[in-house]
Amino acid sequence: MTRTIILLMLLVAGGCSSGIMKNKDAAPEQMSVLTTNQGGRGPELIVEFYKGKSFYYPLMAVWLEDQSGKYIQSLYVPPAVATGVFRYGKQENGNWVPASKRAPQTLPYWAHKRGVIASDGLYMPEKGSEVPDAYSGATPVQSFVLNTRADKDLPAVYKVLLEVNQNWDWNEFWTNDKYPDDENYKMSCQPAVVYEAVITPSSKDGVWSMKPIGHSHYSGKSGELFPDLNTLTTALSIADSIIVRVK
């Protein structure tokens with residue numbers, strides 16, 4: 001089967017897991033299927049995320065911007081980020097239990113682009129400023145296909161962005177004692193990586209590869225994008241490849 005046929009089978013299957021071929025010579029890889037914003041009236045987009053060798057339960061967000069970098073809308077965020085309630089939010093009687101948790105280091109570039117300030121001044125969702133359910137889906141534990149739609153028609157040229165971060169991901173530069181007084185930093189170490197695909201009418205097959213364009217602030221204190229990726233190691237191999245398809 002070609003990759004296109006298999007992808008169509010996945011779309012029909014809905015929320016099931018299935019095998020998909022990354023290329024014609026690769027072995028089948030298990031991929032989850034996520035679906036968001038089914039009620040959108042804009043273009044249908046498919047994001048294929050192939051996990052890399054350092055993938056270990058990362059959190060990520062996918063969103064749209066115009067050509068100038070202005071935020072348009074979110075397409076996907078995991079429940080913990082969408083609500084501010086994390087599955088392992090706090091310890092009670094020696095066990096981790098769900099609880100509200102403020103984690104500005106998680107996906108700061110997306111959060112600042114979204115531009116919603118919570119009651120504590122952080123650019124992270126909380127009760128009362130949650131991301132709508134339409135844009136939220138299960139936290140991926142493996143490679144996945146995201147089927148989604150824009151809310152409305154998009155400009156001729158626009159951007160799809162993805163930010164991904166993994167807890168306790170230190171290396172020789174981003175050591176766990178680099179900022180000893182910053183608790184948010186110590187939960188992350190290597191900062192979130194931001195990927196981008198610029199969608200233009202010039203593509204004949206409607207397929208674009210997402211490329212890393214920088215990293216976020218290490219503890220989420222700003223929405224700045226830092227283009228120098230030379231200090232990152234395993235953070236750059238959370239994803240092996242990310243592909244965007246526009247239908």
Side-chain angles (χ1 to χ4, degrees), residues 11 15 32-49 58-85 103-104 106-119 122-140 144-165 192-201 203 206-217 220 222-225 239 242-247:
L11 294 173
S32 297
V33 178
L34 304 175
T35 302
T36 63
N37 205 31
Q38 291 178 291
R41 297 179 179 272
E44 296 181 49
L45 298 104
I46 300 168
V47 180
E48 301 173 20
F49 183 102
L59 293 175
M60 62 190 78
V62 182
W63 72 99
L64 296 172
E65 296 182 2
D66 67 16
Q67 189 175 6
S68 69
K70 182 180 178 181
Y71 174 88
I72 297 176
Q73 68 168 93
S74 295
L75 293 173
Y76 164 79
V77 289
V81 175
T83 63
V85 177
T106 307
L107 302 170
Y109 192 64
W110 163 80
H112 281 79
K113 285 281 189 173
R114 178 173 173 258
V116 178
I117 304 176
S119 61
L122 296 178
Y123 287 82
M124 285 294 287
E126 63 172 352
K127 186 175 181 180
S129 66
E130 301 95 337
V131 174
D133 290 344
Y135 311 111
S136 182
T139 304
F144 66 90
V145 176
L146 170 66
N147 302 312
T148 187
R149 297 191 72 141
D151 287 337
K152 56 186 179 181
D153 289 341
L154 296 171
V157 178
Y158 60 94
K159 300 177 181 180
V160 179
L161 289 101
L162 182 147
E163 184 176 19
V164 59
N165 195 10
V193 182
V194 179
Y195 290 79
E196 177 186 88
V198 180
I199 310 301
T200 66
S203 175
V207 179
W208 290 264
S209 294
M210 300 194 77
K211 304 297 183 184
I213 59 171
H215 69 77
S216 308
H217 190 278
S222 77
E224 185 176 356
L225 181 70
I242 312 170
I243 295 170
V244 177
R245 301 178 185 271
V246 179
K247 295 184 66 176

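Since the structure is predicted, the reported quantities are computational estimates derived from the model, not experimental observations.
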Heavy-atom side-chain contact between E224 and P108 under 4.5 Å: no
Residues A82 and S136: closest non-hydrogen pair is CB-OG, 3.8 Å
(Q) Within the structure provided, determine whether W63 and R114 are in side-chain contact (heavy-atom separation under 4.5 Å). (A) no
One should read off an interatomic distance between K70 NZ and E65 CD, to the nearest 0.5 angstrom, of 11.5 Å
Could you tell me whether the side chain of E130 and the main chain of G128 form a donor-acceptor pair under 3.5 Å? yes
Note: Q73 and D151 closest approach over all heavy atoms is OE1-N, 2.6 Å
Output for pair (L154 CG, I199 CD1), nearest 0.5 Å, gives 9.5 Å
Taking every heavy atom of P155 against every heavy atom of I72, the minimum-distance pair comes out as CD-CD1, 4.3 Å
Hits for salt bridge (charged side-chain N to carboxylate O under 4.0 Å, His left out) against E126, two or more places apart or cross-chain, chain-then-number order -> none
Taking every heavy atom of P125 against every heavy atom of V131, the minimum-distance pair comes out as CG-CG2, 3.9 Å
The reported gap from OH in Y135 to CG in N37 (rounded to nearest 0.5 angstrom) is 4.5 Å
D133 CG: over 12 foreign heavy atoms closer than 6.0 Å: no
By side-chain contact (heavy atoms from CB on, under 4.5 Å), P78 pairs with (sequence neighbours left out) L59, Y76, V81, T139
The side-chain contact (heavy atoms from CB on, under 4.5 Å) partners of Y195 (sequence neighbours excluded) come to L162, V164, V193, M210, P212, A239, I242
Closest non-hydrogen contact found for D153 with P43 is CA-CD, 4.3 Å
Checklist line | Main-chain N/O of G69 paired with K113 side-chain donor or acceptor, under 3.5 Å | finding: yes
side-chain contact (heavy atoms from CB on, under 4.5 Å) filter on A103, not counting sequence neighbours, yields F86, Q105, T106
Interatomic distance, OG1@T35 vs CG@L146, rounded to 0.5 Å, equals 7.5 Å
Sequence neighbours excluded, the answer for side-chain contact (heavy atoms from CB on, under 4.5 Å) partners of A111 is Y123, M124
Between W110 and the options N165, L161, V77, the side chain to side chain contact (heavy atoms under 4.5 Å, CB included) test singles out V77
Before you tell me yes or no, could you show the steps for L64 and Y158 under side-chain contact (heavy atoms from CB on, under 4.5 Å), namely the whole-Å CA-CA distance, both residues' side-chain angles and the distance that decides it to 0.1 Å? CA-CA 7 Å; L64 296 172; Y158 60 94; 4.1 Å; yes
For R149, the salt bridge (charged side-chain N to carboxylate O under 4.0 Å, His left out) test, sequence neighbours excluded, returns E44
Output for pair (L225 CG, E196 CD), nearest 0.5 Å, gives 9.0 Å
Point to revise | Working for side-chain contact (heavy atoms from CB on, under 4.5 Å), residues S216 and V194 | key: CA-CA 7 Å; S216 308; V194 179; 3.8 Å; yes
Smallest heavy-atom separation, A156 atom then P201 atom, equals O-CD, 3.5 Å
